[in-house]
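Read the numbers this way: they start at 1 and go in the same order the structure lists the ligands and their atoms. Computation of the quantities below employed the complete heavy-atom set of this structure, encompassing side-chain atoms and omitting hydrogens, waters and symmetry-equivalent molecules.
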Amino acid sequence: MAKMMSGSTPINPDSYTGTSSPPLTPPPASLPVRTIPGGYGWPLLGPISDRLDYNWFQGPNTFFTKRIEKHKSTVFRTNVPPCFPFFLGVNPNVVAVLDVKSFSHLFDMEIVEKANVLVGDFMPSVKYTGDMRVCAYLDTSEPKHTQIKNFSLDILKRSSKTWVPTLVNELNSMFETFESDISKSNSASLLPTMQKFLFNFFSLTLLGANPSASPEIANSGYVMLDTWLAIQLAPTVSIGVLQPLEEIFVHSFSYPYFLVKGSYEKLIQFVKNEAKEVLNRGKSEFGLTEQEAIHNLLFILGFNAFGGFTIFLPTLLGNLGDEKNAELQEKLKNEVREKVGLKPENLSFESVKEMELVQSFVYETLRLSPPVPSQYARARKDFKLSSHDSVYEIKKGELLCGYQPLVMRDPKVFDDPEKFVLERFTKEKGKELLNYLFWSNGPQTGRPTESNKQCAAKDVVTLTASLIVAYVFQRYDSVSFSSGSLTSVKKAS
Ligand code: HEM
């Protein structure tokens, strides 16, 4: 990290609000100006060739790594999918930004805008969200963004009172199910039980809605969200189906909304009936219409919270229960027991904030496996973009694409970047490194506000993950997770 820190502008996390330039933006004049290398290839052929590399022949990691090597630059032009033949309106041309310094321009709302670029130039049909653009697709210059972002921050603030007891209750039922599965078949598959837990937990906390009020929602609400997510995101995600079938049937066209219309309407009804108090606040305090409140709540529940944790939690538990990690478990368990003993009543946001190692474990998991790997932003005006070693001229309207799994392995910032280092984010040096942890579309030292596009739940996500880790070590002496399943648990002695 010293390599990066020396000579760069001193960083004061407290002064960073996300509205001004990020702390990493250096004085551009000090670096040589370079033409952005790379290109978009022949019309149609270039995008198709890049798309096949990205999805099939190379995969995103190799795709970006090989091009960094070829162009000897972490900033270059390329295409990203989806593209021709059936995405005629989508422009696949991007400028990739793949080191910590160039990536951080994505957070500077004075120089970039974020309208409709959540997953790139492609945007799923607004039919999936009640014929409206929900918060994640709005730019900070749009007044509606302010209203909804503040609504989402308010939801989190209000639900913080019941957050921890609800979490413990729902974790109790999830781990009881896991234990019963293990006793029957020696292993418990994580996904269905975990998704039911996530659906219940976030419905209760974020919506104030109890899924058990509707048996169909209680049993299948999580499946309804899964299909709604899968169908709208299909063109942009890799699902590991045998190629070329995936390229032909999953990445070549958008699936129509009517396939999930029936179940989405049931979810709307659930929110209307069971989330009345939160809906009313959305209308009376934040000036939203009933429809705006419903569809934004569903997006926050389904896309942000349920979708985010569905990716994050298995990775977190996988890192925890990896057989190679016996020593890691011992260290985490000791910290948890020392701070809160064995009683779940002792768990709170305050008590996990005292667990430096548990939090560092969570941060390190987010560093190596950011659940939302790609981030996009469009140049609001012409500006100069700096990488560690050069300055590049970006033109208004160009789309920047950052791929976090590589950015979070930037060797100029993270020592031994490929290695999972449990203690990485501890002590003074670790706290300093939080300036460069970007999973939430902003630094971990930043603050989500109406003026930026940082995840509203930046702190709630890391604290909830820390609470889950602490809960595990109150309940168990050790656990083993392998290939998406919990394979053994040793009850706390
Ligand atoms: C592991 C879980 C989560 C992950 C990985 C995650 C990640 C992200 C990321 C990367 C963004 C920015 C997307 C972009 O513009 O490029 C974002 C935005 C957002 N997230 Fe999260 N998120 C998670 C959980 C949550 C939860 C629990 C909430 C509940 C309130 C939430 C609410 C939001 C909202 C409202 C936005 C839009 C912010 C804006 O438009 O200004 N997220 N999230």
Side-chain angles (χ1 to χ4, degrees), residues 18-19 97 103 106-107 109 112-120 123 129 133-142 144-160 163 167 194 198-199 201-207 236 278 282 286 293 295-317 362-363 365-367 369-378 399-405 407-408 437-444 446-468:
T19 51
V97 286
F103 187 95
L106 296 175
F107 313 143
M109 297 310 298
V112 298
E113 59 144 323
K114 295 272 291 178
N116 304 339
V117 294
L118 180 64
V119 292
M123 179 181 167
T129 48
R133 292 163 60 235
V134 289
C135 186
Y137 293 106
L138 302 178
D139 182 47
T140 46
S141 62
E142 299 178 67
K144 199 57 75 189
H145 176 265
T146 300
Q147 286 168 263
I148 306 171
K149 184 74 175 273
N150 287 336
F151 179 43
S152 67
L153 292 166
D154 178 75
I155 291 168
L156 286 165
K157 196 167 157 208
R158 289 172 64 84
S159 56
S160 65
W163 197 271
L167 180 70
M194 183 199 78
L198 291 175
F199 183 81
F201 172 61
F202 286 122
S203 295
L204 288 163
T205 47
L206 299 175
L207 307 187
T236 62
V278 179
F286 299 93
H295 295 290
N296 275 287
L297 277 176
L298 273 174
F299 197 85
I300 291 172
L301 171 78
F303 202 109
N304 299 126
F306 176 86
F309 268 91
T310 290
I311 302 169
F312 177 37
L313 206 46
T315 319
L316 189 83
L317 297 177
V362 169
Y363 294 142
T365 300
L366 287 164
R367 180 183 75 85
S369 314
V372 182
S374 299
Q375 252 93 65
Y376 297 87
R378 198 176 292 288
L399 188 62
L400 306 180
C401 162
Y403 181 69
Q404 276 205 61
V407 177
M408 291 293 98
L437 182 68
F438 292 163
W439 70 270
S440 64
N441 191 41
Q444 193 60 29
R447 190 164 65 88
T449 70
E450 62 191 44
S451 316
N452 63 36
K453 290 288 287 178
Q454 184 161 29
C455 176
K458 183 211 82 178
D459 291 321
V460 172
V461 167
T462 53
L463 290 173
T464 304
S466 301
L467 282 161
I468 295 174

Per-pair distances, 0.1 Å, donor-acceptor, side chain in residues 306-315, under 3.5 Å, sequence neighbours excluded:
unit_1	atom_1	unit_2	atom_2	d
Thr310	OG1	Gln195	NE2	3.3
Thr310	OG1	Phe306	O	2.7
Thr315	OG1	Ile311	O	3.0

Q: Taking side chain to side chain donor-acceptor pair (under 3.5 Å) as the test, write out the residues that go with Ser160, two or more places apart.
A: none

Q: Can you tell me which residues line ligand 1 if we count any heavy atom under 4.0 angstrom from one of its atoms, in chain and number order?
A: Lys114, Leu118, Cys135, Ala136, His145, Lys149, Ser152, Leu156, Ile300, Asn304, Ala305, Gly308, Phe309, Phe312, Pro371, Val372, Gln375, Trp439, Asn441, Asn452, Lys453, Gln454, Cys455, Ala456, Ala457, Val461

Q: Check whether any side-chain heavy atom of Arg378 sits under 4.5 Å from a side-chain heavy atom of Lys114, and report yes or no.
A: no

(Q) Determine whether a donor-acceptor pair (N or O, by modelled atom type, separation under 3.5 Å) exists between the side chain of Gln404 and the backbone of Phe438. (A) yes

Q: Only counting residues at least two apart or in another chain, list the ones meeting side chain to side chain donor-acceptor pair (under 3.5 Å) with Asp459.
A: none

**Q.** side-chain contact (heavy atoms from CB on, under 4.5 Å) partner of Leu297, chosen from Ile155, Leu206, Val134
**A.** Ile155

